[in-house]
**Student:** 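Shown below is the structure under consideration.
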Number of protein chains: 2
Amino acid sequence: MALREEILEVSKDILIQDGFSKMSMRRIARRANVTATSIYLYFENKDDLLLALIEESINDLKSALQEVVVPGKDFIQQLEDMAKAYIRFALEHPKEYEIIYMVRPEEMPKYPREKFNEVRSAYELLAGIISRGKEQNLIEVDDPLISAYTIWAQIHGVVSVIINKRLDTRIQREKFTEQAVDHIIKGFIIQKTPA
Amino acid sequence: MALREEILEVSKDILIQDGFSKMSMRRIARRANVTATSIYLYFENKDDLLLALIEESINDLKSALQEVVVPGKDFIQQLEDMAKAYIRFALEHPKEYEIIYMVRPEEMPKYPREKFNEVRSAYELLAGIISRGKEQNLIEVDDPLISAYTIWAQIHGVVSVIINKRLDTRIQREKFTEQAVDHIIKGFIIQKTPA
DNA sequence: GCTGTTTACTTAACAGTGTTAACCTTTGTT
DNA sequence: AACAAAGGTTAACACTGTTAAGTAAACAGC
């Protein structure tokens, strides 16, 4: 049982230090002082091991978000803090963040249902905040869960562009993220269209 | 010289039909009726071949966007059409879209400068439209290029979540994209904050 | 105390991977 | 006719994920 945790830890280390392409079963095994086949005693295959890593990373992200949630806080401030916490986590732990959205669909046809429920609670953290904003008539939303996903997706896009090194070198990263958060939140606040 | 194009075509076919993990040098070669080593006569290595595929896909995306650009069109309508054209392209050609953002950073430390300039023109298509909106005082933006990247990143996030199959099964895809586009554009239009 | 079974691992092997060095042909040039 | 370049090839290296079969130690029942 201890080996399972050891494998997960070593895998994550390799992923962060040497990159995804170097994370082979044999390399993981070597660093855990076992043979590659031993990994199959605790994980079905490499994808299954990756799923476990995804799960861990999602929990870390979830914790980072939970930290900035303060019940009484101003709604817009709350949204902004959460968005920034998300971006901070992603940029401070890029590899860990990548794990979450890394696994290619063709290698994993369906994202397993039981894992989905784990992630869902993260979205529902955001959906809960949006619900409170709706109750206070600060925003007009149809379904808070859809809105949570929409915000989430937009923020993911922002960090994804940065992490994948697709941001124009002329553009300052901080200015970019600040503006993005500003626009994403603006898109949610009720505003009268100009006469 | 004809083989180079053949290799690109075959690679893309395999990628779309059989998935990224099946796109091996030997399989490409086999389907092009040559040996794997012949590929190295036209491409430095697999990453180089991938870069060429990325380039092609970006050009296809660029064309799809260019099609909806109509000089005299209403600014907001123009933005919306473009956003929807982007999403449509991505969801109708998911594999092709994936190619663009697929290559992992550690296997490609720097996105090559000369390729970057190619992509840039796509962003500048959007930046141009934003500039026109700024001139007409329809939006308040600092730097149109940053805004272009911001919008782009947000839309990318939306399609990325769908393509990576991370969208909650309870959420209807079309409702999600519609709302997302609405919010993204809202975030850009000048609006007076409620009194 | 001797069985039988389970647990936790290993060795050996299969079929595949990207990539390189060295080797052929065929074509074109001087 | 001699030389060189173009456009391929074969063979090999060091890896990859994964499986089938084997082994050694710990434990259970009688």
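Residue numbering restarts at 1 for every chain, and letters A, B, ... go by the order of the sequence lines.
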**Student:** Output yes when A:R31 and A:D18 qualify as a salt bridge under the 4.0 Å nitrogen-oxygen rule, no when they do not.
**Tutor:**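 The answer is yes: the pair qualifies as a salt bridge.
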**Student:** Honestly curious: do A:I162 and A:Y101 fall in one hydrophobic cluster under the side-chain, below-4.5 Å linking rule?
**Tutor:**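 Same cluster: A:I162 reaches A:Y101 through Ile, Leu, Val, Met, Phe, Trp or Tyr contacts under 4.5 Å.
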**Student:** Would you mind reading off the distance between A:D18 atom CG and D:dC15 atom P, rounded to a whole angstrom?
**Tutor:**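 Going from CG in A:D18 over to P in D:dC15 covers 14 Å.
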**Student:** Just compare C:dT19, C:dT10, D:dG7 and give me whichever is closest to any side-chain atom of B:Y40.
**Tutor:**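 Selected nucleotide (nearest to the side chain): C:dT19.
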**Student:** Counting side-chain heavy atoms from C-beta on, which of D:dG8, C:dT19, C:dT10 comes nearest to B:M25?
**Tutor:**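 Of all the options, the side chain of B:M25 is nearest to C:dT19.
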**Student:** Between B:F43 (CZ) and C:dT20 (C1'), how many Å, whole number?
**Tutor:**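 In whole Å, C:dT20 C1' and B:F43 CZ are 19 Å from each other.
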**Student:** For the pair made of CG in A:N45 and P in D:dA20, what is the distance, rounded to whole Å?
**Tutor:**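 Distance, rounded to whole Å: 14 Å.
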**Student:** Rounded off to whole Å, could you give me the CD1-to-C1' distance for the A:I39 and D:dT16 pair?
**Tutor:**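 So the two atoms are 12 Å apart, to the nearest Å.
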**Student:** Under 4.0 Å between a Lys/Arg side-chain N and an Asp/Glu carboxylate O for A:E140 and B:K186?
**Tutor:**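 A salt bridge links A:E140 with B:K186.
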**Student:** Closest nucleotide of DNA chain D for A:E44 versus for A:R27: which of these residues is on the 5' side?
**Tutor:**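 Looking at the nearest nucleotide for each, A:R27 comes out on the 5' side.
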**Student:** Hey, which of these two, B:R26 or A:N33, hits DNA chain C nearer its 5' end, going by closest nucleotide?
**Tutor:**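 Closer to the 5' end of DNA chain C: A:N33.
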**Student:** Could you give the NZ-to-C1' distance, from A:K46 to C:dG16, as a whole number of Å?
**Tutor:**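 Whole-Å distance recorded here is 14 Å.
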**Student:** Any base atoms under 4.0 Å from B:T35, or only sugar-phosphate, or nothing? Heavy atoms, all strands.
**Tutor:**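 If one applies the 4.0 Å heavy-atom cut-off, B:T35 turns out to touch a base.
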**Student:** Does this structure show an ion pair linking B:K12 with B:E96, if we count only N-O contacts that are shorter than 4.0 Å?
**Tutor:**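 Salt bridge: yes.
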**Student:** A:E6 has an atom CD; how far is it from atom C1' of C:dC9, in whole Å?
**Tutor:**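 My rounded result for the distance is 15 Å.
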**Student:** Let me know the distance between CG of A:D48 and P of D:dG17, rounded to the nearest Å.
**Tutor:**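 After rounding, the reported distance stands at 14 Å.
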**Student:** Closer than 4.0 angstrom, basic N to acidic O: yes or no for A:E124 and B:R170?
**Tutor:**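 The answer is yes: the pair qualifies as a salt bridge.
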**Student:** Check every atom of C:dT11, C:dA21, C:dT17 against the side chain of A:T37 and return the nucleotide holding the closest atom.
**Tutor:**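 Taking heavy atoms from C-beta onward, the closest nucleotide is C:dT11.
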**Student:** Calculate the interatomic distance between A:Y42 atom OH and C:dT7 atom P; express it in whole Å.
**Tutor:**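 For the pair A:Y42 OH and C:dT7 P, the rounded distance is 11 Å.
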**Student:** When the nearest nucleotide of DNA chain C is assigned to B:S24 and to A:A36 on a heavy-atom basis, which residue is associated with the more 5' position?
**Tutor:**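 Taking each residue's closest nucleotide, the earlier one in sequence belongs to A:A36.
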